[in-house]
Q: 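My structure is below; once you've seen it, I'll send some questions.
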Amino acid sequence: MYRFSIDGENWILRFTPQIAADAEEKHAILLSLLKGRHKFLPIPNSDAFIMINEKIGAIIFNVKKVPSSILTVSNIIPKEQWYFQD
């Protein structure tokens, strides 16, 4: 679990138990959030979004703002498992 602040709002980043990410990947996800903060805030409560990280893949976040602002990584989809339909 990580705690961070963006534009004066405190957030908690956590990972669901089924996420098999090591500490380095989790830290890279946090850094991606901090670098791209202007792209995902503000987020409504009970919403979800996807962030693409070139090294990790597609990262799916769920958002809860009651009682705290919490981002939960619910899934990570590696790039080699992406499917594009034309």
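The first residue of the sequence shown is numbered 1, and numbering continues consecutively from there. Predicted, not measured: the structure shown is a model, and the values here were computed from it.
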Q: Examine Ile70 and Met1 and state if one hydrophobic cluster contains both, with Ile, Leu, Val, Met, Phe, Trp and Tyr joined whenever side-chain heavy atoms are less than 4.5 Å apart.
A: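 As far as the 4.5 Å side-chain criterion goes, Met1 and Ile70 are connected within one cluster.
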
Q: Any donor and acceptor pair, going by atom type alone, linking the side chain of Ser69 with main-chain N or O of Lys65 inside 3.5 Å?
A: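 No.
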
Q: Distance from Leu33 atom CG to Phe61 atom CZ, nearest 0.5 Å?
A: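 Those atoms lie 4.0 Å apart.
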
Q: Specify the closest pair of heavy atoms between Ile50 and Ala58, including all atoms of both residues, with the distance to one decimal.
A: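 Ile50 and Ala58 have their closest heavy atoms at CG2-CB, 4.1 Å.
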
Q: Short question: side chain of Trp11, backbone of Arg3 - any donor-acceptor pair under 3.5 Å?
A: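 Not a single qualifying donor-acceptor pair exists.
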
Q: Kindly indicate, with the supporting measurements, whether the criterion side chain to side chain contact (heavy atoms under 4.5 Å, CB included) is fulfilled by Phe49 and Val63.
A: CA-CA 8 Å; Phe49 68 96; Val63 181; 4.0 Å; yes

Q: Rounded to the nearest 0.5 Å, how far apart are CD1 of Ile60 and OG of Ser74?
A: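 Reported value, rounded in 0.5 Å steps: 5.5 Å.
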
Q: To the nearest 0.5 Å, tell me how far Lys64 NZ sits from Leu71 CG.
A: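 If we round to the nearest 0.5 Å, Lys64:NZ and Leu71:CG are 12.0 Å apart.
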
Q: About how many Å separate CD1 of Ile29 and CG of Leu34, when rounded to the nearest 0.5 Å?
A: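 Rounded to the nearest 0.5 Å, the CG-CD1 separation comes out at 12.0 Å.
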
Q: Could you measure the distance from the CD1 atom of Ile59 to the CD1 atom of Ile77? Nearest 0.5 Å is fine.
A: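 Output value for this atom pair is 10.5 Å.
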
Q: Can you list the residues that meet the side-chain contact (heavy atoms from CB on, under 4.5 Å) rule with Pro78, with sequence neighbours excluded?
A: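 side-chain contact (heavy atoms from CB on, under 4.5 Å) list for Pro78, sorted by chain: Glu80, Gln81.
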
Q: Report the residues that fulfil salt bridge (charged side-chain N to carboxylate O under 4.0 Å, His left out) with Glu54, sequence neighbours left out, ordered by chain and then residue number.
A: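 Glu54 satisfies salt bridge (charged side-chain N to carboxylate O under 4.0 Å, His left out) with Lys79 once adjacent residues are dropped.
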
Q: Is there a path of hydrophobic side-chain contacts, each under 4.5 Å between heavy atoms of I, L, V, M, F, W or Y residues, that connects Val73 with Leu30?
A: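 Shared cluster, yes.
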
Q: side-chain hydrogen bond (donor to acceptor under 3.5 Å, both in side chains) with Arg14: which residues, sequence neighbours excluded?
A: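 Listed in chain order: Thr72.
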
Q: For Met51 and Ser32, which heavy atoms make the closest approach, and how far apart are they?
A: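 Heavy atoms of Met51 and Ser32 come nearest at CE-CB, 3.5 Å.
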
Q: According to a hydrophobic-cluster definition based on side-chain heavy atoms being under 4.5 Å apart (Ile, Leu, Val, Met, Phe, Trp, Tyr only), do Leu13 and Ile56 belong together?
A: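 Yes, it is one cluster - the side chains of Leu13 and Ile56 are joined through contacts under 4.5 Å.
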
Q: Quick check for you: to the nearest 0.5 Å, what is the distance between Leu31 atom CG and Lys26 atom NZ?
A: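 These two atoms lie 14.5 Å from each other.
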
